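The block underneath contains the structure these notes are about, expressed in structure tokens.
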2 protein chains.
Amino acid sequence: MPEAPRRQPTLDEVAERAGVSRTAASRVLNNAPHVSKAKRDAVQKAIRELGYVPNATARALATRRASAVVLAITDDDSALGQDTPFYSQAIAGVTTVLEETGLELMLVLVNSPRSRSKLQDVLQTHSAAGVMLMGRHGDDPLAALAEQADMPVVFGGRPLNVEPHFYVDSDNRGGARAATEHLIARGRSRIAAITGPLDSDAGLARHRGYLDAMAVAGLDADRVAHGDYTEASGTQAMQALLNQYPDLDAVVAGNDTMAISALRALTTAGRRVPEDVAVTGFDDYLAARHTAPPLTTVHQSIQAWGREMARMLLAVIDGEQPSPLILPTRLIVRDSS
Amino acid sequence: MPEAPRRQPTLDEVAERAGVSRTAASRVLNNAPHVSKAKRDAVQKAIRELGYVPNATARALATRRASAVVLAITDDDSALGQDTPFYSQAIAGVTTVLEETGLELMLVLVNSPRSRSKLQDVLQTHSAAGVMLMGRHGDDPLAALAEQADMPVVFGGRPLNVEPHFYVDSDNRGGARAATEHLIARGRSRIAAITGPLDSDAGLARHRGYLDAMAVAGLDADRVAHGDYTEASGTQAMQALLNQYPDLDAVVAGNDTMAISALRALTTAGRRVPEDVAVTGFDDYLAARHTAPPLTTVHQSIQAWGREMARMLLAVIDGEQPSPLILPTRLIVRDSS
DNA sequence: CTGAAAGCGCTAACAC
DNA sequence: GTGTTAGCGCTTTCAG
């Protein structure tokens, strides 16, 4: 048997081989009606024999419908490069759902003028079937642009400058509140907070959760320092708190990274955790399980985030109007509190 | 000013507006020769005024050249979903390089029959400009298929069943050897190893590095247990080693995750780290800095991996024949050794 | 330097 | 049911 020609077979070749018109072949391919069983079988046989795979590009051009969705991750300086599994978990969730649909996943890291304008092009030219936008939006104009764009867009997390129609978010407020309540229940009362960036919805919400719990308990919620999710900021915030409020007996941090560095700062300052000061984090990264002592923290499933974002996008693409989704968080109590 | 029509402008419209032929417009777009300066300017002006963005799909169809490369991540059960930043770092590196080229990034998680056949289709139909393949290849037939595919393919890490032309890898052997030598230099002699999966090149290479160092020092390298990079396997391996070789005074683990659980197993068994037993890991995840005691480990820059993979792929796409690249690793000494 | 014409591979009316 | 006819928006010979 001679080598088959290297070129990919086209639909015309399939049709010819099956002895039918290209139209019929096309119909079979998209299992459209108006094809006799006989032809249908013949075409399918030909497809199999030729190893035919439809050309997605040609199809996209003809149907004016893109075969890919984009996942855009906006973050100041590529938090994707950070040492956290956040985005890869989201990606895993997204692909899980997309896999069943035949849609491709295009990844765009929005961290440069160039990538920004690329995303804008997508939004403007509708060169994708839909867009998922995640990352710390803050009041990024891109978020507003995306929301206005006349195409399916879902948000992961909420931007501050627009109220998106479709989004998935974690119950940040509830999670932070639960952590704070837990501390209160354990008898702490001089509870400090190390917040994340307050120019993002998640940062704000987490801080509000803390305020909620403190207010309900009638406790003083003034012991506050601000960080930006980095280790350095956590250390610094903890030191500042220790200086200003040496009497504090607990601290709820806006994420695990800051909680971990706070833990160290406390130890360095001679405070015992949790005897003298209890600490809670947020996110439940792997590292949280391995600190000394292990960190009490608020768990959220980022993979579920990704999954739900993708599902929601598919629904929007199908013309539905899904409601926003707030994913639950769960307090994981370990020895640091 | 009335609303502009919603539809995206086409090249014909640009041409018309500029008062030139579509051919000329196309030439300007691809800055091809044979266009007078006057026309060139007119076209560029029209492009700007109309906000024209070329339709990538149409272009791809006409040129029979794809505008995207795929990053395929093969892993038994979606290690992407694991709690490690590995893949997101690689992705960050890849996008950094791709950004400058106008190529899109398609992500394929190869963890199901469906996604496997999807990747095969890409390989067969050349529906992408190139493919980067990373993950634990072992002797995955897909690796062989990819290497044979008549299109640009570069590997991240080396498969066992084929010798790829183009790949990027870490100096696993050198790293493991350095860690072991460090232990030896510190006076340890009854050094055990917890290996990663030995059906992957990285796992093997790391184990060989250990053997190298032990051989050179004339030490006995029999204290070996096997793991699969998971916490559970690390714990189990450590316990087995402790049973079989209660005299061990150090252990080099195949990755940080196993090292961390070994650390715990040791502590639980009443051994002090590093006084009684020293421990080293591999990878240098965030968690390694926060264990008690902090973990001595071998650092590798996964982002560099991604970057170099992308660069290499671009070279291959351009018809070059780049040499394989072995990225250096670096021993990070912390308190666990 | 210039433009007309012929597709890339597929789908979508529209008649039969 | 069936096939014919036009394109989707862009590039690329190929004559001028």
Side-chain angles (χ1 to χ4, degrees), chain A residues 5-44 46-47 50-68 102 121-122 124-129, chain B residues 5-44 46-47 50-68 102 121-122 124-129:
Chain A
R6 296 298 303 151
R7 220 174 43 48
Q8 270 305 299
T10 71
L11 193 49
D12 294 84
E13 284 159 27
V14 170
E16 182 179 344
R17 170 136 191 168
V20 305
S21 71
R22 174 171 67 264
T23 309
S26 169
R27 285 191 179 125
V28 172
L29 207 56
N30 304 289
N31 41 45
H34 307 299
V35 191
S36 68
K37 173 111 174 59
K39 286 200 198 248
R40 189 155 239 126
D41 291 345
V43 171
Q44 267 154 358
I47 287 179
L50 261 36
Y52 170 77
V53 179
N55 179 322
T57 306
R59 178 176 287 181
L61 184 59
T63 58
R64 302 137 150 295
R65 241 171 313 133
S67 60
D121 283 355
V122 171
Q124 186 192 138
T125 65
H126 303 193
S127 58
Chain B
R6 295 299 302 153
R7 220 175 41 48
Q8 269 306 299
T10 72
L11 192 49
D12 293 85
E13 284 159 27
V14 170
E16 183 180 342
R17 169 135 192 169
V20 305
S21 71
R22 174 170 68 263
T23 310
S26 168
R27 283 190 179 125
V28 172
L29 206 57
N30 303 289
N31 40 45
H34 305 301
V35 190
S36 67
K37 172 117 175 56
K39 287 201 198 250
R40 190 154 239 128
D41 291 344
V43 171
Q44 267 153 359
I47 287 179
L50 262 36
Y52 171 76
V53 179
N55 179 321
T57 306
R59 179 175 286 181
L61 183 59
T63 58
R64 301 136 149 295
R65 241 173 311 132
S67 60
D121 283 356
V122 171
Q124 186 194 139
T125 66
H126 304 192
S127 57

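Note on naming: letters A, B, ... go to the chains in the order of the sequence lines (proteins, then strands), and numbering restarts at 1 for each one. These numbers were taken from a predicted model, which means no experiment stands behind them.
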With sequence neighbours left out, the residues meeting side chain to side chain donor-acceptor pair (under 3.5 Å) with B/Thr125 are B/Ser127
Using residues 15-26 of chain B as the side-chain source, report each donor-acceptor pair under 3.5 Å to any protein atom, sequence neighbours left out, with the distance given to one decimal.
unit_1: B/Arg17; atom_1: NE; unit_2: B/Glu49; atom_2: OE1; d: 2.9
unit_1: B/Arg17; atom_1: NH2; unit_2: B/Glu49; atom_2: OE1; d: 2.7
unit_1: B/Ser21; atom_1: OG; unit_2: B/Thr23; atom_2: N; d: 3.4
unit_1: B/Ser21; atom_1: OG; unit_2: B/Ala24; atom_2: N; d: 3.0
unit_1: B/Arg22; atom_1: NH1; unit_2: B/Asp12; atom_2: OD2; d: 2.6

Salt bridge (charged side-chain N to carboxylate O under 4.0 Å, His left out) filter on A/Arg59, not counting sequence neighbours, yields none
- Yes or no on side chain to side chain contact (heavy atoms under 4.5 Å, CB included) for B/Gln44 and B/Val28, after CA distance, side-chain angles and deciding distance? CA-CA 8 Å; B/Gln44 267 153 359; B/Val28 172; 4.1 Å; yes
Value for NZ (B/Lys39) from NE2 (B/His34), rounded to nearest 0.5 Å, stands at 14.5 Å
By side chain to side chain contact (heavy atoms under 4.5 Å, CB included), B/Ala58 pairs with (sequence neighbours left out) A/Leu61, B/Asn55
Separation of D/dG3 atom C1' from A/His34 atom NE2, nearest Å, is 13 Å
Original post:
Distance check: side-chain N/O of A/Lys37 vs OP1/OP2 of D/dG1, anything under 4.0 Å?
Top reply: no
Its contact letters, B for base, S for sugar-phosphate only and - for none at protein heavy atoms under 4.0 Å, make nucleotides 8-15 of chain D read BBBBB-B-
Discussion item. For a quick check of understanding: with a heavy-atom distance under 4.0 Å over all strands, which category does B/Val20 fall into, base, sugar-phosphate or nothing?
Written reply: nothing
To the nearest 10 degrees, the angle between the two end axes of the helix from C/dC1-D/dG16 to C/dC16-D/dG1 (five pairs per end) comes to 40°
ask   = Tell me, do A/Arg40 and A/Arg27 make a side-chain contact under 4.5 Å, heavy atoms counted?
value = no
Across all chains, not counting sequence neighbours, the side chain to side chain donor-acceptor pair (under 3.5 Å) partners of B/Asp121 are none
